[in-house]
Engineer: 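One structure, as structure tokens, below. Some questions next.
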Amino acid sequence: MSENSIIDNETGKSNFIKEIIKEDLNNNKNDSRVATRFPPEPNGYLHIGHAKSICLNFGLAREFKGTCNLRFDDTNPSKEETEYVDSIQNDVKWLGFDWDDRLYYASDYYERLYEFAVVLIRKGKAFVCDLTADQMREYRGTLTRPGQESPFRNRSVEENIDLFRKMRNGEFKDGEKTLRGKIDMSSGYIVMRDPVLYRIQRSTHHRTGDAWCIYPMYDFAHPLSDSIEGITHSVCTLEFENNRPLYDWVVNECEAVHKPRQIEFARLNLSFTVMSKRKLLELVTKNYVSGWDDPRMPTIAGIRRRGYTPESIRDFADRIGVAKADNMVDIAMLEHCLREDMNRRAQRVMAVIDPVKVIIDNYPEDKTEHVEAVNNPEDESMGKREMPFSRELWIERSDFMEIPVKGYFRLAPGTEVRFKHAYYIKCVSVEKDDSGEIKVIHCTYDPDTRGGWSQDGRKIRGTIHWVSAAHAVEAEARLYEHLFIKENPDDLEDGADYKINLNPDSLKVIKKIYVEAFVEKCSPGDKFQFDRTGYFCIDPDTTKGNIVFNRTVPLKDSWGKIAGKNA
RNA sequence: UGAGGCAUCGCCAAGCGGUAAGGCAACGGACUCUGACUCCGUUAUUCCAAGGUUCGAAUCCUUGUGCCUCAGCCA
């Protein structure tokens, strides 16, 4: 997709962050410059919640003619991997955003961060502490009780400088010492109670290797990385609201040149799925799904494989808006965005998912003719194609009822329906097997209705899809439903696990469907509308002999609703 | 019994003292060679609650209530 398509998608919908930025611009803050960043930690795959943040940050930059950096917040080597930094870059690009040459890593700043820490120590604003993790927890106090100052809090500047250098030089064991900010042990903000700024941790970093054995904490590295990059508006999610005083403290006390402003918004929650990295990782590692890109996963990789388009995701991000109230967006909103996008663009295909045989008794046995089918009624420029029609066809089992219910206007004994693009067809009899299941529906066709029209103008209510049995190709279809059965899988009884809400029917594999033969020439990722059933795409699992389709989302089905109610 | 946030239709969400946008969902109806799409219509006398200020309040004040976040040497 081109840059232009992104701009065309912009709605300009207002939100409180844009208001803040406009005000800052009016007050000439930061020389009227806007710089944002998307700062993932490379410890997992991106999900749809990240997509909201990506669209927000890159969108703000575009709207205000600023820049948006991609920065990896890689300050905890024990959790981070190159596999993740690659997938993240791939996903951001796929969504349609470009960081140009502004790809950064917090690990690029380790030396400068160290210097900033020294500044803090010199000012008497940081100290080396010998407390163990357990001791520190005790000294920290509780939510309602102030903490106590560390006995190491009053070491001299010289001693702190010396100790901090020794920490860096590897003269202490992991966890033996920390560098802490000297702030306020009785603050209502727990994070201000002399927070740890550096810890000793001997693990190999995916970029800096073993060059360092001390690593800066998020609360120290993040504000300074923002400042180093000249970020003006540091947008993050609500759970960091409590960290903002520390963010400001670090930027101010370190006397950083640029003083970015942290703004928090509500992260996305989507119904019928989970969004936490811990849970997504568990679903992958314990094989509840096939991988990070399982089409049922809310990861970017998963929804891409499922068949979602970047346009539909961006549209979704626009529609849900940005605010500060906790939210749970209906997944129907996402599905709507995909349908709207695909309805406009998707090639139509006749595909029969639950086939039953139709024999046209009065059609010559050895004859094959070709009828013309519109590729996309929403877009004439997509042209037409030829479809083979012959005596034996497949239709959808649900498109025939031996004893039709009220309101049913598809095929039934004695009734006439239109086989889309082909002929008017009337059912004359059915053949069943011993169990009573219908094996063959015998029909007749009206040769004067070729193309699906009749001269006499008789009205036909039902139009159904079909494929020629001799010409269709067999394929596999994977039909997906929500990963969880509950709107909020985390809404649990005392101590229960969210996995009890996993939907056992989230994947249904249909081994043999019949599809128009031209799909054999298509490639993984290609997207279609299967007439009257849904949007599908070709899965990468496709092999020469076996085309695999993923159902991205079904078409809306008001008859299914009515029939469901009557049942 | 600490601190920081948030409360507008089933779900998102505008609204910034002048008399409740929009989208999704739902429900009617029209149209239809996709029971899709599209179109048209319906759905908050009311904005967490109660007081107050005002000619006038979802918007200002007061007092409550509910929900979220924080006690990692994670981010």
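If you're wondering where the values come from, they're calculated on a predicted model, not measured in any experiment. In the text below, chain A, chain B and the rest are named by the order of the sequence lines, each starting its count at 1.
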Engineer: Taking 4.0 Å as the cut-off, does a side-chain nitrogen or oxygen of A:K556 come that near to OP1 or OP2 on B:A25?
Structural biologist: yes
Engineer: Syn or anti for B:G72, taking syn as within 90° of 0?
Structural biologist: syn
Engineer: Determine, answering yes or no, if A:W559 is stacked on B:G35 under the 5.5 Å centre rule and the 30° plane rule.
Structural biologist: yes
Engineer: Above 12 or not: heavy atoms from other molecules or residues under 6.0 Å from CZ of A:R145?
Structural biologist: no
Engineer: OP1 or OP2 of B:A75 versus the side-chain N and O atoms of A:T75: is any pair under 4.0 Å?
Structural biologist: yes
Engineer: Look at the side chain of A:Q529 against the base of B:U34 and say whether a donor-acceptor pair falls under 3.5 Å; ignore hydrogens and angles.
Structural biologist: yes
Engineer: Using a heavy-atom cut-off of under 4.0 Å over every strand shown, decide if A:I460 touches base, sugar-phosphate, or nothing.
Structural biologist: nothing
Engineer: Determine the interatomic distance between C1' on B:U45 and the same-named atom on B:A57; round to the nearest Å.
Structural biologist: 15 Å
Engineer: Return the residues of residues 380-389 of chain A meeting this criterion: a heavy atom under 4.0 Å from some atom of RNA chain B. Order them by number, or give none.
Structural biologist: none
Engineer: Looking for any heavy atom pair under 4.0 Å, which part of the strands does A:A133 touch: base, sugar-phosphate only, or nothing?
Structural biologist: base
Engineer: Does B:C73 have its OP1 or OP2 closer than 4.0 Å to a side-chain nitrogen or oxygen of A:T132?
Structural biologist: no
Engineer: Please confirm whether A:R155 makes a cation-pi placement over A:F127, using NZ or CZ under 6.0 Å from the six-membered ring centre and within 45° of the ring normal.
Structural biologist: no
Engineer: I want to know whether A:Y198 and A:F164 have ring centres closer than 6.0 Å.
Structural biologist: yes
Engineer: Check for me whether the distance between the ring centres of A:H421 and A:F389 falls short of 6.0 Å.
Structural biologist: no
Engineer: So, using side-chain contact (heavy atoms from CB on, under 4.5 Å) as the criterion, who are the partners of A:H47 when residues are at least two apart?
Structural biologist: A:H50, A:M275, A:L280
Engineer: Reckon A:R410 has a side-chain N or O less than 4.0 Å from the OP1 or OP2 of B:U34?
Structural biologist: no
Engineer: So, is A:H465 near the phosphate of B:U34, with a side-chain N or O under 4.0 Å from OP1 or OP2?
Structural biologist: no
Engineer: Under 4.0 Å, counting only non-hydrogen atoms across every strand here, what does A:V196 touch: a base, just sugar-phosphate, or nothing?
Structural biologist: sugar-phosphate
Engineer: Have a look at A:D557 and say if it touches a base, only the backbone sugar-phosphate, or nothing, with a 4.0 Å heavy-atom cut-off.
Structural biologist: nothing
Engineer: For a quick check of understanding: with a heavy-atom distance under 4.0 Å over all strands, which category does A:H421 fall into, base, sugar-phosphate or nothing?
Structural biologist: base
Engineer: Considering only heavy atoms, which members of residues 174-181 of chain A lie under 4.0 Å from some atom of RNA chain B?
Structural biologist: A:G175, A:T178
Engineer: At under 4.0 Å between heavy atoms, what does A:P245 touch on the DNA or RNA strands: base, sugar-phosphate, or nothing?
Structural biologist: nothing
Engineer: For a quick check of understanding: with a heavy-atom distance under 4.0 Å over all strands, which category does A:F409 fall into, base, sugar-phosphate or nothing?
Structural biologist: base
Engineer: If the cut-off is 4.0 Å, is A:R140 near the phosphate of B:G72, judged by side-chain N/O to OP1 or OP2?
Structural biologist: yes
Engineer: Is any side-chain nitrogen or oxygen of A:R461 closer than 4.0 Å to OP1 or OP2 of B:G35?
Structural biologist: no
